[in-house]
Amino acid sequence: MNCRSEVLEVSVEGRQVDEAMLSLLHTILLHRSTGKFHYKKEGTYSIGTVGTQDIDCDFIDFSFVRVSSEELDRAIRKAVGEFKEALRNSGSDGMGQISLEFYQKKKSRWPFSDECIPWEVWSIKVNVVNLANEQERQICREKVGEKLGEKVINIVEVINRHEYLPKMPTQSEVDNVFDTSLKDVQPYLYKITYQITDSLGTSVSTTMRRLIKDTLAL
């Protein structure tokens with residue numbers, strides 16, 4: 001199986017890290033989740049509904065839609081919070097990458113553990129910029145909102161392509177494809193990881209600074 005890989009790049013102010021990451025990760029998971037499966041007998045099931053919720057950002061001129069699941073939101077917020085804390089403590093000029101990997105399990109014979117096979121990975125490269133004053137922060141607030149809107153459209157376009165998805169499992173195999181631990185939604189199995197690095201390059205931050213400078217010149 002070939003694993004699809006998608007890379008997004010964003011440049012944000014420190015206080016915008018949480019909202020920017022949450023908006024992108026939640027957008028992806030919105031399209032990679034289903035309602036809970038209710039099996040009647042092996043091979044026959046119904047799928048529950050997935051509720052959605054509009055979220056307004058506090059530090060970015062942007063709103064996004066997420067699955068209405070407090071459990072899922074807590075899990076994503078925990079991962080994003082750890083990433084932001086690592087960025088803050090890294091001393092690497094605020095550059096890092098957070099990745100959302102979808103995988104399926106392949107059962108192995110005892111005594112070996114199950115094999116986790118990734119089928120889609122989203123990597124978000126992040127650069128934190130330092131701004132000089134409130135005027136620059138206001139411009140950044142607007143520009144980051146515009147960029148996130150473009151990223152969300154890009155995410156939806158990628159997800160709407162007719163590419164590999166794990167086939168719908170039987171009742172005995174559902175835990176190999178979906179995370180069934182949540183009571184109100186059923187995302188594909190996923191994990192969120194991050195790394196802090198000083199080698200992501202400066203193209204994104206340079207573009208953001210140019211946007212701010214050009215706007216101030218108007």
Side-chain angles (χ1 to χ4, degrees), residues 1-33 55 57 59-60 62-67 72 75-88 90 92-104 116-130 140 142-166 179 187-212:
M1 182 200 312
N2 293 324
C3 177
R4 290 193 302 278
S5 180
E6 299 291 338
V7 179
L8 305 171
E9 297 187 22
V10 294
S11 187
V12 296
E13 191 185 2
R15 62 179 182 174
Q16 298 171 327
V17 171
D18 300 78
E19 292 177 339
M21 297 306 97
L22 287 170
S23 66
L24 297 176
L25 294 173
H26 266 304
T27 297
I28 297 165
L29 277 160
L30 173 65
H31 296 276
R32 289 289 182 246
S33 299
I55 303 297
C57 296
F59 300 112
I60 308 171
F62 191 67
S63 298
F64 63 94
V65 180
R66 70 169 174 85
V67 173
L72 182 60
I76 300 175
R77 285 182 181 275
K78 181 175 183 294
V80 169
E82 292 172 355
F83 173 59
K84 182 179 180 180
E85 188 66 21
L87 269 178
R88 183 185 294 124
S90 67
S92 65
D93 295 326
M95 289 184 285
Q97 177 175 295
I98 190 166
S99 297
L100 173 59
E101 175 186 300
F102 293 99
Y103 65 94
Q104 60 188 106
C116 296
I117 304 172
W119 52 270
E120 184 175 78
V121 178
W122 294 83
S123 299
I124 306 171
K125 294 182 178 182
V126 183
N127 188 81
V128 180
V129 298
N130 295 312
C140 184
E142 298 168 1
K143 297 300 181 183
V144 170
E146 293 173 4
K147 291 297 180 183
L148 287 178
E150 295 172 4
K151 303 300 182 189
V152 167
I153 291 172
N154 177 239
I155 290 168
V156 174
E157 288 175 345
V158 169
I159 286 176
N160 282 338
R161 294 174 189 163
H162 295 293
E163 299 198 43
Y164 174 83
L165 284 175
D179 179 354
Y188 283 99
L189 288 170
Y190 74 92
K191 63 180 178 180
I192 298 175
T193 58
Y194 66 83
Q195 66 184 76
I196 307 302
T197 176
D198 56 4
S199 60
L200 290 177
T202 59
S203 61
V204 180
S205 60
T206 301
T207 300
M208 177 56 69
R209 292 185 187 281
R210 187 181 300 117
L211 282 170
I212 292 173

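Any value given below was found using the heavy atoms of this structure, including those in side chains, with hydrogens, waters and symmetry copies removed.
Here the CD1-CD1 distance, from Ile192 to Ile76, works out to 5.5 Å after rounding to the nearest 0.5 Å. The line from CD of Glu120 to CD of Gln104 is 12.0 Å long, rounded to the nearest 0.5 Å. In this structure, the separation between CG on Leu8 and CD1 on Ile98 is 12.0 Å, given to the nearest 0.5 Å. For the atom pair CG (Leu100) and OG1 (Thr27), the distance works out to 11.0 Å, reported to the nearest 0.5 Å. Taking NZ from Lys143 and CD from Glu13, the interatomic distance works out to 15.5 Å, rounded to the nearest 0.5 Å. The CD1 atom of Ile60 sits 14.0 Å away from the NZ atom of Lys147 when rounded to the nearest 0.5 Å.
Within the 4.5 Å cutoff, side-chain heavy atoms of Arg32 are placed close to those of Ile159. Within the 4.5 Å cutoff, side-chain heavy atoms of Val10 are placed close to those of Met21. Side-chain atoms of Tyr194 and Leu87, non-hydrogen and from C-beta on, never get closer than 4.5 Å to each other. Residues Phe62 and Glu19 fail the side-chain proximity criterion, which asks for heavy atoms closer than 4.5 Å. Side-chain contact between Trp122 and Val158 is present, with heavy atoms from C-beta onward closer than 4.5 Å. Inter-residue side-chain proximity for Leu29 and Tyr190 is flagged as met; some heavy-atom pair is nearer than 4.5 Å. Looking at Phe83 and Val126, their side chains come closer than 4.5 Å, going by heavy atoms from C-beta outward. In this structure, Ile124 and Leu25 have side chains that are in contact, with non-hydrogen atoms separated by less than 4.5 Å.
Taking each heavy atom of Ser99 and Val121 in turn, the nearest pair found is CB-CG1, 4.5 Å. Residues Leu148 and Ser23 come closest through the heavy atom pair CD1-OG, 3.8 Å. Pairing each heavy atom of Leu72 with each of Pro187, the nearest pair is CD1-CG, 4.5 Å. Counting all heavy atoms, side chain and backbone alike, Val156 lies closest to His31 at CG2-NE2, 3.8 Å. In terms of heavy-atom proximity, Ala20 sits nearest to Val12 at CB-CG1, 3.9 Å.
The residues Glu157 and Arg161 are annotated as not salt-bridged, no charged nitrogen and carboxylate oxygen being separated by less than 4.0 angstrom.
Between the Ser33 side chain and the Leu30 main chain, no donor and acceptor come within less than 3.5 Å of each other. Judged by distance alone, the side chain of Glu101 and the main-chain N or O of Lys191 form no donor-acceptor pair under 3.5 Å. Between the side chain of Lys151 and the main chain of Glu9, a donor-acceptor pair closer than 3.5 Å is present.
Taking the six-membered ring for Trp and thresholds of 30 and 60 degrees, Tyr164 and Trp119 have ring planes more than 60 degrees apart, a perpendicular arrangement.
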Working for side-chain contact (heavy atoms from CB on, under 4.5 Å), residues Cys57 and Phe64: CA-CA 8 Å; Cys57 296; Phe64 63 94; 4.0 Å; yes

